[in-house]
Amino acid sequence: MAMKNCSAISEFILLGLSADPYIEAILFVLFLLIYFLTLTGNSLMLLVLSADPHLHTPMYFFLKQLSFLDLCHSSVTAPKMLENLLPESKTISVESCLAQAFFVFATGGTEACLLAAMAYDRYIAISFPLLYGRVMNNQLCVGLVWVSWGLAFADALLNILPAVNLDFCEDKTIPHFSCELSSLFPLSCSDTSTNFTLLLCSSVFHFFGTLVLIVSSYVRIASTVMRVSSTMGRSKAFSTCSSHLTTVILFYVSGFISYLLPTSGSPLEMIFSLQYSLITPMLNPLIYSLKNKEVKAAVGRMLRKYFYSLM
């Protein structure tokens, strides 16, 4: 493999979504609104789930963790992307780029594990309703969340530490709006074959592994539900899973396509990356609030309490 012309660089250039100032202004307003809605929606979910005692159950404990994760995940990329849409320099230091890549990987990995834990929670609730409170106790729920964070951060460290030692060449342009490990490897004049293999193996183990757990849980849920004789009972059981299934589909489809596509800066790659990092975190509070009667009732109680306090 021929080595590229190598020179020490201290920053990268993020090409972003457009070079047209007019389009950049429109995109800035649009993504600022999306980011604001993401912060507002997930913050309100955290407030409602924490304040309402009716929602202090394992299902809503995991949903609260999901809202917190969506706040973190969107905040890793959105502020820098908004900054780069302003008529200023589109640069990011090498250290900041590596830090952003680490937190994108860590928060995304945590969310994958958390979605698997939520699928297991639904499996226990539907298949073993009488044992649900005993199995899904507070200790297990907290343990699953800590394991999710721990596995994801260990996986991110395993990939980012070797990348810190890479030498980067004169080509310092990243055809993207954020830093991800896969977009950094082509810019290095070091041998990145080991880094790429490590990234591929850990991604397959982490993301496909959690997907297998989710699919396994839902196969068992479907088997249990199909044995229910009542049509209304089957409908009620499936309705408790619909919000989670929608979130899983949005997260995995956009995430897998975003990572499987080669880093080229193509419009299709940008669209799926935007959905993965910005759109899905904004939609999750809407999915769970619009499809969940208990959450809607809790929001109603909170609003009534607020208005009564003003009178």
Side-chain angles (χ1 to χ4, degrees), residues 12 14 38 42 62 65-81 92-118 142-168 174 176-188 190-214 247-248 251-252 254-263 269 272-278 280-281 284:
F12 296 116
L14 290 169
T38 301
N42 285 288
F62 289 122
Q65 304 304 316
L66 181 65
S67 294
F68 176 71
L69 257 177
D70 283 336
L71 284 174
C72 295
H73 190 64
S74 59
S75 295
V76 171
T77 54
K80 187 61 183 177
M81 184 185 71
I92 183 171
S93 68
V94 173
E95 293 79 10
S96 297
C97 193
L98 289 170
Q100 188 181 68
F102 170 80
F103 284 109
V104 166
F105 203 95
T107 54
T110 304
E111 186 153 342
C113 291
L114 187 61
L115 289 174
M118 294 173 77
V142 172
L144 288 172
V145 170
W146 277 111
V147 167
S148 299
W149 281 100
L151 284 176
F153 270 74
D155 201 7
L157 278 174
L158 187 66
N159 281 276
I160 207 69
L161 289 179
V164 171
N165 297 320
L166 292 176
D167 294 316
F168 293 100
I174 299 176
H176 212 282
F177 60 83
S178 66
C179 293
E180 295 182 0
L181 282 175
S182 57
S183 62
L184 295 181
F185 293 159
L187 306 182
S188 175
S190 305
D191 180 11
T192 59
S193 57
T194 302
N195 301 76
F196 181 79
T197 302
L198 184 61
L199 178 62
L200 181 63
C201 291
S202 63
S203 297
V204 168
F205 174 77
H206 199 116
F207 289 96
F208 280 96
T210 52
L211 183 59
V212 167
L213 293 175
I214 292 171
T247 301
V248 167
F251 178 82
Y252 277 95
S254 58
F256 280 145
I257 293 178
S258 175
Y259 276 95
L260 289 175
L261 285 175
T263 305
E269 180 192 0
F272 283 109
S273 293
L274 281 170
Q275 180 177 332
Y276 174 74
S277 57
L278 284 180
T280 299
N284 282 343

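Numbering of residues begins at 1 and proceeds along the displayed sequence.
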Nearest 0.5 Å, what's the [atom1]-[atom2] distance between [X] and [Y]?
X    : Y    : atom1 : atom2 : answer
L69  : T110 : CG    : OG1   : 5.5 Å
N42  : L71  : CG    : CG    : 4.5 Å
F196 : L200 : CZ    : CG    : 5.5 Å
F185 : S193 : CZ    : OG    : 10.5 Å
F168 : L98  : CZ    : CG    : 5.5 Å

Nearest atoms (heavy-atom pairs only) where [X] meets [Y]:
X    : Y    : value
S74  : P79  : O-CD, 4.0 Å
S182 : P186 : O-CD, 3.3 Å
V76  : Q100 : O-NE2, 3.1 Å
C179 : V104 : O-CG2, 4.4 Å
G108 : F207 : O-CE2, 3.8 Å
F105 : S202 : CZ-OG, 4.0 Å

Compare all side-chain heavy atoms of [X] with those of [Y] and state whether any distance is below 4.5 angstrom.
X    : Y    : result
L115 : T210 : no
T194 : P162 : no
L199 : N195 : no
C97  : I174 : yes
L278 : T38  : no
L14  : M81  : no
F251 : N284 : no

Q: Output all residues satisfying ring pair (Phe, Tyr, Trp, His ring centres under 6.0 Å) with F103, sequence neighbours left out; order by chain, then residue number.
A: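 Here no residue qualifies.
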Q: Please lay out, stage by stage, how Y252 and L211 fare under the test side-chain contact (heavy atoms from CB on, under 4.5 Å).
A: CA-CA 8 Å; Y252 277 95; L211 183 59; 4.0 Å; yes
Q: Determine, step by step, whether T192 and L184 satisfy the side-chain contact (heavy atoms from CB on, under 4.5 Å) criterion, reporting the C-alpha distance in whole Å, the side-chain angles of both residues, the deciding distance to 0.1 Å, and the verdict.
A: CA-CA 10 Å; T192 59; L184 295 181; over 6 Å; no
Q | Intermediate values then yes/no, side-chain contact (heavy atoms from CB on, under 4.5 Å), F12 and V94 | A | CA-CA 6 Å; F12 296 116; V94 173; 3.9 Å; yes
Give the table of side-chain donor-acceptor pairs shorter than 3.5 Å for residues 143-156, with sequence neighbours excluded, one pair per line with atom names and distance.
| from | atom 1 | to | atom 2 | distance (Å) |
| --- | --- | --- | --- | --- |
| S148 | OG | L144 | O | 2.8 |
| D155 | OD1 | N159 | ND2 | 3.4 |
| D155 | OD2 | H206 | ND1 | 3.1 |

